[in-house]
J.: 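Let me begin by handing over the structure; questions about it come next.
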Amino acid sequence: MAPPFTKPHVETSLKRVRVLFGGQWIVDTKAAKLVWEHPYYPSYYFGSSDVPHKYLRPSDASSEDSEAKSVYDIVVGDKVAKKAVFKLSQCAGELSGLVKIIFGAMDAWFEEEEEIFVHPKDPYKRVDVLQSSRHVRVEVDGVEVANTHKPRLLFETSLPVRTYIPKTDCRMDLFEPSSLSTACPYKGVASYYSVSLPGGKLVENIVWWYRVPLADCIDIKGFVAFYDEKVDVWVDGEKQARPQTQFS
């Protein structure tokens, strides 16, 4: 069966999954479940026996949660992750009795011996980076900020194509480093630029780049991409429609 799935969709992972918190393995299992709660990516769920009860403490969650799920803190010594665990009730269909741990509340997650970040990778998603010779121009409020014949195109399943451009083909004099950073399990940690236009307007965080991308996307190292949802783009002389996404 391939996506799109009827939500929630549940599959048994073939990978050994471990979760680290406070120096202890909170989970170490070969029977984790991949659960698609929405179309974008899966989350890990576990059988109740895979999460030792000695690390769980009932949380002070609101009563509205009590019928559908039980909420717990994770406690290891003096270290506490509040409301980090949800155990589904027996009325949750395929998810009945399963346990979800909030990914970002833990210190580290591992599949086999490889650390993973942000969320599990979707086994139905593919990411490819291809060198292109298309002529790409980018404008922000009528000001050209990039012009290249050497873009690298990143194709990611179910998402708009992203165009990565050499910095030497950009108006770096208009780029101001931002404090924003985001993480992606496929590409790594992104840094951002804002664009300072000649009239004094600052368009914040519309450019990103990866200083050290993950191995699968190493070819975008040092290149920049724009939110095509917020800029004007021409490819081989043809103006592109702005994609409609959550970033629009």
Side-chain angles (χ1 to χ4, degrees), residues 2-5 7 36 38-41 117-119 121-122 124-248:
F5 299 123
K7 303 183 290 293
W36 281 259
H38 49 68
Y40 305 114
Y41 57 82
F117 303 92
V118 188
H119 60 75
K121 291 181 179 179
D122 189 331
Y124 297 99
K125 177 170 284 192
R126 182 184 176 105
V127 180
D128 294 299
V129 180
L130 300 179
Q131 180 65 59
S132 177
S133 60
R134 299 190 197 192
H135 180 204
V136 177
R137 291 199 314 111
V138 181
E139 290 186 2
V140 177
D141 286 359
V143 178
E144 184 176 277
V145 294
N147 190 327
T148 187
H149 289 272
K150 299 173 291 184
R152 292 180 179 174
L153 305 180
L154 188 145
F155 298 86
E156 185 170 352
T157 305
S158 302
L159 294 177
V161 177
R162 293 301 184 185
T163 302
Y164 284 80
I165 298 173
K167 287 186 177 182
T168 50
D169 289 338
C170 297
R171 287 286 307 273
M172 294 300 296
D173 58 309
L174 301 180
F175 289 11
E176 293 189 4
S178 167
S179 60
L180 178 65
S181 67
T182 58
C184 169
Y186 305 96
K187 297 181 282 290
V189 177
S191 300
Y192 284 75
Y193 291 108
S194 298
V195 174
S196 180
L197 297 173
K201 179 180 179 181
L202 183 68
V203 185
E204 296 184 338
N205 301 319
I206 60 167
V207 187
W208 72 87
W209 66 292
Y210 293 88
R211 185 185 301 273
V212 186
L214 298 178
D216 289 346
C217 294
I218 194 66
D219 288 339
I220 62 172
K221 180 179 180 179
F223 282 48
V224 302
F226 293 82
Y227 277 115
D228 290 355
E229 298 89 336
K230 301 177 181 180
V231 300
D232 294 315
V233 180
W234 285 260
V235 178
D236 293 332
E238 183 177 345
K239 189 174 183 180
Q240 306 298 297
R242 293 187 179 186
Q244 296 300 308
T245 73
Q246 66 267 38
F247 303 113
S248 298

J.: Does a side-chain heavy-atom distance below 4.5 Å link Gln240 with Asp228?
T.: no
J.: To the nearest 0.5 Å, what is the distance between CG on Leu154 and OH on Tyr210?
T.: 8.5 Å
J.: For the pair Glu144 (side chain) and Gly142 (backbone), establish whether a donor and an acceptor sit closer than 3.5 Å, ignoring hydrogens and angles.
T.: no
J.: What's the separation between atom CZ in Arg152 and atom CZ in Phe223, rounded to the nearest 0.5 Å?
T.: 3.5 Å
J.: Once you round to the nearest 0.5 Å, how far does CZ of Arg126 lie from OG1 of Thr157?
T.: 8.0 Å
J.: Return yes if some donor-acceptor pair links the side-chain N/O of Glu139 with the main-chain N/O of Val231 below 3.5 Å, else return no.
T.: no
J.: Given side chains that start at C-beta, do those of Trp36 and Asp122 come closer than 4.5 Å, heavy atoms only?
T.: yes
J.: Which atom pair, heavy atoms only, marks the closest approach of Val140 to Leu197?
T.: O-CD2, 3.7 Å
J.: Give a yes or no on whether Lys150 atom NZ has more than 12 heavy-atom contacts from other residues, nucleotides or ligands under 6.0 Å away.
T.: no
J.: Step through the shown structure and confirm whether more than 12 heavy atoms of other residues, nucleotides or ligands are within 6.0 Å of NZ on Lys221.
T.: no
J.: For Asp173, enumerate each residue passing the salt bridge (charged side-chain N to carboxylate O under 4.0 Å, His left out) test, keeping only those at least two apart in sequence or located in another chain.
T.: Arg171
J.: In terms of the angle between their ring planes, are Tyr40 and His38 parallel, tilted or perpendicular, with boundaries placed at 30° and 60°?
T.: tilted
J.: So which atom in Ser194 and which in Asn205 form the shortest heavy-atom distance, rounded to 0.1 Å?
T.: OG-N, 3.0 Å
J.: In terms of relative ring orientation, are Phe247 and Tyr227 parallel, tilted or perpendicular, with 30° and 60° separating the classes?
T.: tilted
J.: Looking at Glu229 and Pro243, what are the two nearest heavy atoms and their distance?
T.: CG-O, 3.2 Å
J.: Side chain to side chain contact (heavy atoms under 4.5 Å, CB included) for Leu180 and Glu204? Distances and angles first, verdict last.
T.: CA-CA 10 Å; Leu180 178 65; Glu204 296 184 338; over 6 Å; no
J.: So which heavy atom on Val136 is nearest to which on Ile165, and how close?
T.: CG1-CD1, 4.3 Å
J.: Any side-chain heavy-atom pair from Asp232 and Arg242 closer than 4.5 angstrom?
T.: yes
J.: Just so I know, are the side chains of Asn147 and His135 near enough to count as touching, which here means a heavy-atom distance under 4.5 Å?
T.: yes
J.: Of the non-hydrogen atoms in Arg134 and Pro151, which two are nearest, and what is the gap between them?
T.: O-CD, 3.2 Å
J.: Give a yes or no on whether Glu238 atom CD has more than 12 heavy-atom contacts from other residues, nucleotides or ligands under 6.0 Å away.
T.: no
J.: With Phe175, which of Trp209, Tyr193, Tyr192 fulfils ring pair (Phe, Tyr, Trp, His ring centres under 6.0 Å)?
T.: Tyr193
J.: About how many Å separate CG of Asp236 and NE2 of His149, when rounded to the nearest 0.5 Å?
T.: 8.5 Å
J.: How long is the gap from SG on Cys217 to CZ on Arg162, to the nearest 0.5 Å?
T.: 13.5 Å
J.: Looking only at heavy atoms, which two atoms of Thr148 and Pro166 are closest? And how far apart?
T.: OG1-CD, 3.8 Å
J.: Measuring from atom CG of Leu202 to atom CG of Leu174, what distance do you get when rounded to the nearest 0.5 angstrom?
T.: 11.0 Å
J.: Any non-hydrogen side-chain atom of Ile220 less than 4.5 Å from a side-chain atom of Lys187?
T.: yes
J.: Out of the candidates Leu153, Asp216, Asp219, only one should pair with Val129 under the side-chain contact (heavy atoms from CB on, under 4.5 Å) rule; please name it.
T.: Asp219
J.: Side-chain contact test, heavy atoms from C-beta onward, threshold under 4.5 Å: evaluate it for Tyr41 versus Val118 and give yes or no.
T.: no
